[in-house]
Amino acid sequence: MKNDQTISYKEIQKNEEINLLITQGNAILEILGYTEHSKHHALKVANTAGEILKDLGYSKHKIELARIAGYLHDIGNSINRNDHAHSGAILAYELLKGLGMPLKDAITVASAIGHHDEETGTAIDEISAALILADKTDVRRNRVRNPIIANFDSHDRVNYSVLSAKIKVCTDKKVIQMDLELDDSISTVMDYFEIFLKRMVMCQKAAQVLGLKFKLIANGSKMC
């Protein structure tokens, strides 16, 4: 197949193979005790990544690539949680190339996916920056799958304590801000930082790639 046609985000959402990979990855992570990484997470990350670039005035093409990267970013979990960003990047590149995406775009999406994990990655361009910010700020109570609160680990407690998490771009101030509301009877702001410090540092660097400063407001107080 010649790589001279464009595959849309809507088509990606409907692709059976991609959705099976997301479903399988989510099922594996449930067995391993991880939070939800379902299609719902994929959609939320995709839409948030697209909105970030839209608010900043990026082209429709880059917005579309950010959405596609967001939807595909966790398919590597279907192989193994370890190095899931790297295996996901390889899977995504082959899938997108096979679907007829131009090679340059397929490589851009694959690179963003390959750099979205805080242990090995960093923002390398606008697409990866938007993906990182969208992924690392998706913290919410309904991602916790452990039904017994007494058995929560530290990650479960922090996620379950989140009552609200919103991210917004303030173009006039050149700031991207995460507003976080925590139930501090379950987990404190310091608990959040202890668990997610690497992710917040990654968000700061991603914001810089977009020419922004990253701010975290937790329970009304500025944390960074």
Side-chain angles (χ1 to χ4, degrees), residues 1-32 34-81 83-117 121 125-140 142-143 145 165-167 169 206:
M1 182 183 291
K2 291 183 179 180
N3 295 84
D4 56 1
Q5 65 188 58
T6 300
I7 181 77
S8 71
Y9 170 52
K10 287 185 178 180
E11 289 174 292
I12 291 294
Q13 283 181 264
K14 296 176 182 178
N15 184 277
E16 180 183 11
E17 185 175 5
I18 289 168
N19 286 321
L20 285 171
L21 288 168
I22 293 172
T23 299
Q24 176 71 358
N26 186 47
I28 289 170
L29 293 191
E30 183 171 19
I31 293 168
L32 297 175
Y34 284 83
T35 51
E36 169 263 334
H37 285 70
S38 68
K39 186 176 178 180
H40 181 71
H41 172 63
L43 286 168
K44 192 172 191 307
V45 173
N47 292 335
T48 301
E51 285 302 311
I52 289 170
L53 293 192
K54 183 179 179 181
D55 288 345
L56 291 171
Y58 282 91
S59 67
K60 289 182 178 180
H61 181 63
K62 287 192 174 182
I63 293 168
E64 191 81 345
L65 292 183
R67 287 173 176 157
I68 291 170
Y71 195 74
L72 295 175
H73 78 283
D74 271 338
I75 59 175
N77 285 315
S78 64
I79 306 300
N80 196 295
R81 178 61 181 177
D83 284 333
H84 76 285
H86 304 151
S87 55
I90 295 168
L91 282 171
Y93 177 69
E94 292 300 326
L95 281 164
L96 295 173
K97 187 172 66 168
L99 290 169
M101 177 178 275
L103 294 178
K104 185 177 180 181
D105 290 343
I107 292 168
T108 297
V109 171
S111 294
I113 293 170
H115 282 85
H116 87 271
D117 185 72
D125 58 17
E126 301 96 329
I127 308 303
S128 60
L131 169 57
I132 287 166
L133 286 161
D135 181 39
K136 304 312 172 191
T137 57
D138 184 20
V139 188
R140 46 191 162 82
N142 60 2
R143 291 193 71 186
R145 297 193 279 195
K166 299 177 182 178
I167 187 166
V169 176

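- Annotation: the span from His84 atom NE2 to Ile28 atom CD1 amounts to 12.0 Å, rounded to 0.5 Å.
- Side-chain contact between Lys44 and Arg140 is present, with heavy atoms from C-beta onward closer than 4.5 Å.
- Note on Lys62 versus Glu126: salt bridge recorded, some NZ/NE/NH1/NH2 to OD/OE distance being below 4.0 Å.
- At a threshold of 4.5 Å between non-hydrogen side-chain atoms, the residues Leu103 and Tyr93 count as touching.
- Residues Ile7 and Ile12 meet the side-chain proximity criterion, which asks for heavy atoms closer than 4.5 Å.
- Residue Ala85 comes nearest to Asp117 through the heavy atom pair CB-CB, 3.9 Å, listed as atom of the first residue, atom of the second, then distance.
- Within the 3.5 Å criterion, the main-chain N or O of Gly114 finds no donor-acceptor partner in the side chain of His116.
- Looking only at distances, no side-chain donor or acceptor of Asp83 sits under 3.5 Å from a matching main-chain atom of His86.
- Ion pairing between a basic and an acidic side chain is recognised when a charged N comes within 4.0 Å of a carboxylate O; Glu94 and Lys97 show such pairing.
- By the 4.5 Å heavy-atom criterion applied to side chains, Ile68 and Met101 are counted as neighbours.
- Going from atom NZ of Lys104 over to atom CD1 of Ile107 covers 9.5 Å, rounded to the nearest 0.5 Å.
- A salt bridge does not link Asp138 with Lys136: every distance from a Lys NZ or Arg NE/NH1/NH2 to an Asp or Glu carboxylate oxygen is 4.0 Å or more.
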Take Ile22 and Asp74 through the side chain to side chain contact (heavy atoms under 4.5 Å, CB included) test and state the conclusion after the steps. CA-CA 7 Å; Ile22 293 172; Asp74 271 338; over 6 Å; no

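- A donor-acceptor contact under 3.5 angstrom links the side chains of Asp135 and His41, judged on distance only.
- Two residues are said to be in side-chain contact when any heavy atoms from C-beta on lie closer than 4.5 Å; Asn77 and Asn26 fail this criterion.
- Counting only N and O atoms by type, the side chains of Asn19 and Tyr71 include a donor and acceptor under 3.5 Å apart.
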I would like to know whether His115 and His73 meet ring-ring contact (aromatic ring centres under 6.0 Å, His included); could you show each step before the answer? CA-CA 10 Å; His115 282 85; His73 78 283; over 10 Å; no

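- Side-chain polar atoms of His61 and Asp105 form a donor-acceptor pair below 3.5 angstrom.
- Distance check, rounded to the nearest 0.5 Å: CD1 of Ile52 to CG of Asn47 gives 11.0 Å.
- Ala112 and Ile127 make their closest contact through CB-CG2, 4.0 Å (heavy atoms, listed as atom of the first residue, atom of the second, distance).
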Leu91 and Ser78: CA distance, side-chain angles, deciding distance, side chain to side chain contact (heavy atoms under 4.5 Å, CB included) verdict: CA-CA 10 Å; Leu91 282 171; Ser78 64; 4.1 Å; yes

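- Under a 3.5 Å cut-off, the side chain of Glu64 and the backbone N or O of Tyr9 do form a donor-acceptor pair.
- To the nearest 0.5 Å, the span separating OG on Ser38 from CG on Asn142 amounts to 9.0 Å.
- Looking at every heavy atom in both residues, Arg67 comes nearest to Ala46 through O-CB, 3.2 Å.
- Between the side chains of Thr48 and Glu51, no donor-acceptor pair is found at a separation under 3.5 Å.
- Of all heavy-atom pairs spanning Ile113 and Ala69, the tightest one is CG1-O, 4.0 Å.
- Using a 4.5 Å cut-off on side-chain heavy atoms (C-beta onward), Glu36 and Leu29 make no contact.
- Taking both residues in full, the closest heavy atoms of Ala106 and Leu96 are given as CB-CB, 4.1 Å, listed atom of the first, atom of the second, then distance.
- Of all heavy-atom pairs spanning Ala66 and Gly50, the tightest one is CB-N, 4.4 Å.
- Annotation: the span from Ile31 atom CD1 to Arg81 atom CZ amounts to 14.5 Å, rounded to 0.5 Å.
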